[in-house]
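Naming convention: chains lettered A, B, ... in sequence-line order (proteins, then strands); numbering from 1 in each chain. Owing to the predicted nature of the structure, the values given are computational and were not obtained by experimental measurement.
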There are 2 protein chains.
Amino acid sequence: MKLGEGVEQAIHCVALLSGLEPGAVVSAAALAAFHGVSVSYLLKHLQALSSSTGLLETVPGPRGGYRLARPASAISLLDIVLALEGLAPAFRCAEIRQRGPDPLPGRYFAKPCGIAAAMLKAERAYRAELARVTIADVVAGLAAEDSDGAIAARGCAFLTLHQRRPGQGAAPALKET
Amino acid sequence: MKLGEGVEQAIHCVALLSGLEPGAVVSAAALAAFHGVSVSYLLKHLQALSSSTGLLETVPGPRGGYRLARPASAISLLDIVLALEGLAPAFRCAEIRQRGPDPLPGRYFAKPCGIAAAMLKAERAYRAELARVTIADVVAGLAAEDSDGAIAARGCAFLTLHQRRPGQGAAPALKET
DNA sequence: GCGTACATACTCGGATACTACCTGTCCGAGTCCGTAAGG
DNA sequence: CCTTACGGACTCGGACAGGTAGTATCCGAGTATGTACGC
């Protein structure tokens with residue numbers, strides 16, 4: 001019962017990308033520098049969000065980068081969690097009730113056992129709660145708690161500095177950390 | 001986002017122990033044999049249920065074993081999951097928004113970020129759903145789906161064969177698998 | 001001056017080591033039972 | 001016959017290896033850019 005560390009990074013990145021102008025992209029290196037994490041490791045998670053699931057779009061080559069493939073209001077926290085952690089439920093029923101000496105015939109176990117049902121029901125509640133929250137909601141919530149707008153201002157400054165539209169202007173050198 | 005395999009074993013064991021007569025105990029070896037799992041490994045989890053949390057009571061020595069420390073109606077699935085997986089939430093907020101170059105002063109981050117709040121809220125829903133289900137409910141549910149009572153009969157046969165009250169009778173040899 | 005071709009540098013993508021946790025196992029401390037000796 | 005002491009065996013408890021998934025990193029494939037050359 002432990003989520004990977006990349007989930008937090010991925011959510012923050014997606015939230016940041018939601019502030020991009022239409023068509024603009026941001027490189028993984030810039031995202032990693034902004035959050036103070038390893039570039040190579042962040043790439044691993046961004047790939048999971050782009051190739052496997054279709055949450056992000058990628059633009060290769062110089063002045064390439066990542067961009068949301070859907071509006072922020074159409075991306076839920078559940079989408080990101082499932083993309084990174086896999087679709088399999090956390091609770092895995094090994095049907096140990098069928099093991100041991102002289103087990104009963106299989107026909108007695110047509111229905112999944114009540115324990116697995118209860119565990120999976122709880123997990124459905126968890127996922128439903130995550131599916132209810134979209135990236136747009138998260139960004140709105142962050143802005144609400146950011147009374148003087150300092151945090152939002154930092155994000156906007158980052159975006160205006162590092163976002164770029166493929167096919168226009170010169171790629172700025174990444175600011176040294 | 002993956003629960004350990006021992007969670008299922010522990011829940012099945014507790015459900016089985018709920019059928020014991022008052023004061024009787026069952027050894028870990030018998031429980032492991034009934035479920036077809038490793039004795040030593042099951043012991044590891046049973047210890048977590050007995051020493052750390054107080055869900056199970058232990059009786060040492062010959063004809064010792066495990067027994068519920070509380071009524072089955074007072075033990076929830078959440079109690080077992082937390083005992084085995086730890087009390088820490090699955091989502092860990094590393095506050096990466098405070099990292100990176102020229103971070104904002106700490107006073108801007110007095111409140112936890114909205115992302116962590118949303119993730120933890122979903123986890124509270126998960127835990128609330130698990131806390132709502134007690135072992136007594138699980139056993140009742142198992143009996144309801146067990147139309148001809150074959151599964152329950154197997155459990156009862158096991159209990160009458162392997163349960164024992166400390167200070168009475170001879171310890172029966174464990175049936176070979 | 002304009003168009004084209006090329007070398008360049010930057011980007012993402014997948015393949016490769018390292019670490020921590022979960023899984024599985026072992027041996028030791030403690031306790032109760034059964035037996036045997038003694039009164 | 002009853003009491004007492006002892007040996008034995010069984011139990012749980014904590015300490016010890018192995019395997020798998022997460023973490024961190026590296027190098028290679030691909031592409032748009034910027035420049036230089038030719039017309």
Would you mind reading off the distance between A:His162 atom NE2 and C:dC10 atom C1', rounded to a whole angstrom? 15 Å
C:dT25 phosphate, OP1 or OP2, under 4.0 Å from B:Ser38 side-chain N/O: yes
Nearest 0.5 Å please: distance from the CD atom of A:Gln98 over to the CD1 atom of B:Ile151. 8.5 Å
Anything under 30° is parallel, anything over 60° is perpendicular, the rest tilted; go ahead and classify A:Tyr41 against A:His45. perpendicular
Where at least one partner belongs to residues 72-93 of chain A, residue pairs that pass side chain to side chain donor-acceptor pair (under 3.5 Å), sequence neighbours excluded: A:Ser76-A:Asp79
Taken to the nearest 0.5 Å, the spacing of A:Ile135 CD1 from A:Ile11 CD1 works out to 6.5 Å
Rounded to whole Å, please give me the gap between CG in A:Leu56 and C1' in C:dT11. 15 Å
Value in whole Å for how far the C1' atom of C:dC10 lies from CG of A:Leu31: 16 Å
Rounded to the nearest 0.5 Å, how far does CD1 of B:Ile96 lie from CD of A:Glu5? 9.0 Å
Could you check how far CZ of A:Arg67 sits from C1' of C:dT11, rounded to whole Å? 14 Å
Using every non-hydrogen atom in the two residues, find where B:Arg154 and A:Arg97 come nearest and quote the distance to one decimal. NH1-O, 3.4 Å
With sugar-phosphate taken as primed atoms, P, OP1 and OP2 and all else as base, the protein-contact string of nucleotides 12-23 of chain C at under 4.0 Å (heavy atoms; B, S, -) is SBB--------B
Whole-Å distance, B:Arg164 CZ to D:dC10 C1', equals 8 Å
